[in-house]
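Below is one structure, written out as structure tokens; the observations come after it.
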Amino acid sequence: MSDKMIIALDQGTTSSRAILFNHAAEIVGVAQQEFTQHYPGDAWVEHDAQEIWDTQSSVLASLIAEHKLTPDQIAAIGITNQRETTVVWDKATGEPVYNAIVWQDRRTAARCDELVKSGWDTKIREKTGLIVDSYFSATKLEWILNNVDGARARAERGELLFGTIDTWVIWNLTGGKVHATDASNAARTMLLNIDDGDWDQELLELFGIPAQMLPEVCSSSDDFGSYSLEGAEIPITGVAGDQQAALFGQTCFEQGMAKNTYGTGCFMLMNTGAERVDSQHGLLTTIAWSLDGKITYALEGSVFIAGAAVQWLRDELQFIESAEDSEALAEQANPESQVVVVPAFAGLGAPHWDMYARGAIFGLTRDSGRAEIAKATLQSLAYQIYDVLNAMQQDSGIELSQLNVDGGAIANDFLAQFQADVLQKPVIRPKVLESTALGAAYLAGLKVGYWTFDDLSKVRDIERTFDPKLSNETITRLLKRWNKAVERAKHWVDIDE
Ligand SMILES: Nc1ncnc2c1ncn2[C@@H]1O[C@H](COP(=O)(O)OP(=O)(O)O)[C@@H](O)[C@H]1O
Ligand SMILES: O=P(O)(O)OC[C@H](O)CO
């Protein structure tokens, strides 16, 4: 037993967090700060990369200060992050040349259509495991090089660096010494060949990306340099994209094990072992993690809007003061209401992949109000996961007997219960909902010998199991209505608009 601890940095879509874990994998402390979302155009989403780093370093500093941590008490640092979000910065000054283009941003949809029309989709799928979509980094990076004054020439002269958010955080944390990523994050750029785990020359040429601006691809539990604290060096030894980190944090180490994370979006991942499984039902093939250079693959169902729809209830509609209030409000809804919300604010991800779908509310009657819309919004999260889980079971040939869940939004009991009802399967909620941060801590801790795989398998703690209560007939009726609504929300924006 060690009295040292591990710090996980979780740089999410809406907030930066630093979380302190002890050897029993319990949370000892959390520091969190929200940051600004910028919406400069229709379905454009940006973050100020400097604000991302400022909030991330500030929560790290407050965690250290609040717990009076000295360097010898911190065994290692792990990093996990919102994936795909693209940053380009000046190598000499560390200054970003443009805002970070966020994974939800759809500005490159037309470029993606062009790629599909010219037949690149099959090859891109084979190489990267991904479906051509503006979700991934490649077309965002291409957009920056083509649209920011002088960026392409500077990149070709070797003056600019590219990174997803992990790379940006590592660069800043190490004082500009390390330009690296891990395989799970690199797999989300649409530039990585997931069979050999290396940047793909042909794709770099397709998007006109100079190879020298790309980070080195490391294993997920590896040496990523160090963070200087009071003259001592704390090793950074774990890095993974947040959804893969959550799969690791839920100890889904065996083939066929799966989890679903309810954050800004919802992401269901299944470990498919050393072999990639190619989906026939709109899922992605991705790298779960790489350990000592050995890749483990996953099938992924990415749902773009989940907790973000609850934020929409709070911020745009102003129906609630806090995300938690959505639960009590939904409980007040008229049980007969037939309102359905399709939260396609950023198009639809798995299994539909429609960049032109947009959000819609159906089934309104004169008595529909805040409660009915809040309930339908929470229900939409569960329906989206029903669609993804079905696809996953078909692709993997594995029938899941239960769903392991985590993430901020699943603290909502109404949602957790309705999810169990819709799936007609138990929903298992762990004590630590921060599986993402836990996964990053595990990856970091394994590398420095703080934990062994054996230790990790023993610590999983269940807080509550939600068993299905609604009848099969009711669920069939509800799902029929949901499917009808989704079909009507598709292709809303005209491609040439
Ligand atoms: N009790 C709740 N009920 C519903 N949604 C919630 C609740 N608590 C948090 N959320 C939603 O969950 C998201 C935050 O979860 P988190 O795991 O921190 O996400 P991220 O890592 O994407 O920032 C927010 O979008 C918020 O609206
Ligand atoms: O910030 P989160 O937790 O919603 O995760 C975002 C995903 O990584 C996007 O792919």
Side-chain angles (χ1 to χ4, degrees), residues 8-17 19 30 32-35 37 45 47 52 55-56 80-86 100-105 130 133-137 140 164-166 184-185 187-190 240-247 249 260-269 284 286 300-316 319-331 343 345-346 349-350 374-375 377-382 405-419 429 432-440:
L9 303 182
D10 180 359
Q11 205 306 300
T13 309
T14 54
S15 73
S16 298
R17 266 179 294 217
I19 303 186
V30 182
Q32 176 166 10
Q33 229 175 290
E34 285 206 13
F35 56 86
Q37 307 290 315
V45 189
H47 293 157
I52 285 189
T55 51
Q56 193 60 73
T80 183
N81 54 287
Q82 54 165 322
R83 308 165 302 166
E84 299 95 15
T85 298
T86 300
I101 303 186
V102 177
W103 57 277
Q104 294 158 322
D105 189 290
L130 306 175
D133 193 274
S134 50
Y135 174 27
F136 305 105
S137 319
K140 300 182 196 291
T164 41
I165 294 297
D166 54 315
S184 72
N185 274 296
R188 314 299 296 189
T189 58
M190 214 165 82
D242 55 8
Q243 305 308 323
Q244 291 95 327
L247 189 69
N260 188 41
T261 302
Y262 301 73
T264 303
C266 256
F267 300 86
M268 189 187 293
L269 271 78
L284 306 173
T286 202
E300 170 173 328
S302 328
V303 167
F304 296 152
I305 301 290
V310 180
Q311 284 172 331
W312 166 73
L313 290 176
R314 183 192 65 183
D315 301 338
E316 265 71 36
F319 283 2
I320 45 178
E321 294 219 331
S322 72
E324 295 78 55
D325 296 346
S326 61
E327 182 174 334
L329 185 58
E331 298 285 7
F345 305 146
K375 177 179 172 183
T377 302
L378 290 175
Q379 287 178 320
S380 74
L381 274 59
V405 296
D406 56 65
I410 203 67
N412 188 306
D413 287 350
F414 173 87
L415 171 60
Q417 181 56 53
F418 189 69
Q419 185 69 84
R429 193 164 71 182
V432 175
L433 285 181
E434 307 277 0
S435 307
T436 297
L438 189 54

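Atoms within a ligand are numbered from 1 in the order they appear, just like the ligands themselves. This is a predicted model, so every value here is computed, not measured.
- Within a 6.0 Å sphere centred on CD of Glu321, heavy atoms belonging to other residues, nucleotides or ligands number 12 at most.
- Residue Ile320 holds its CD1 atom at 7.0 Å from CG of Leu329, rounded to the nearest 0.5 Å.
- For ligand 1, residues of the protein lying within 4.0 angstrom by heavy-atom distance are Thr13, Thr14, Arg17, Gly263, Thr264, Gly307, Ala308, Val310, Gln311, Ala323, Glu324, Ser326, Gly407, Gly408, Ala409, Asn412.
- Between Arg83 and Thr164 there is no side-chain heavy-atom pair separated by less than 4.5 Å.
- The shortest heavy-atom contact between Ala437 and Ile19 is CB-CD1, 3.7 Å.
- Below 3.5 Å of separation, one finds an N or O of Thr264 facing an N or O of ligand 2.
- The shortest side-chain heavy-atom distance between Gln56 and Phe35 does not fall under the 4.5 Å cut-off.
- At least one N or O atom of Gln243 sits closer than 3.5 Å to an N or O atom of ligand 2.
- Judged by the shortest distance from any of its heavy atoms, Gly241 lies outside the 4.0 Å radius around the atoms of ligand 2.
- Note: Cys266 SG to Gln419 CD = 7.5 Å, rounded to the nearest 0.5 Å.
- If you number the atoms of ligand 2 from 1 as listed, the ones under 4.0 Å from a heavy atom of Tyr135 come out as 9 (C), 10 (O).
- Counting protein heavy atoms only, atom 1 (O) of ligand 2 is closest to Thr13 OG1, 2.4 Å.
- Residue-ligand proximity, Gly265 to ligand 2, at heavy-atom distances under 4.0 Å covers atoms 4 (O).
- Between Asp10 atom CG and Glu434 atom CD the span is 7.0 Å, to the nearest 0.5 Å.
- Arg188 is listed as a side-chain neighbour of Glu300, based on a closest heavy-atom distance under 4.5 Å.
- For the residue pair Pro343 and Ala309, the shortest heavy atom distance occurs at CB-CB, 4.1 Å.
- Residue, atom and distance of the protein heavy atom nearest to atom 5 (O) of ligand 2 are Asp242 OD2, 2.7 Å.
- Going from atom CG of Leu269 over to atom OG1 of Thr261 covers 7.5 Å, rounded to the nearest 0.5 Å.
- The protein heavy-atom contact nearest to atom 9 (C) of ligand 2 is Glu84 OE1, 3.3 Å.
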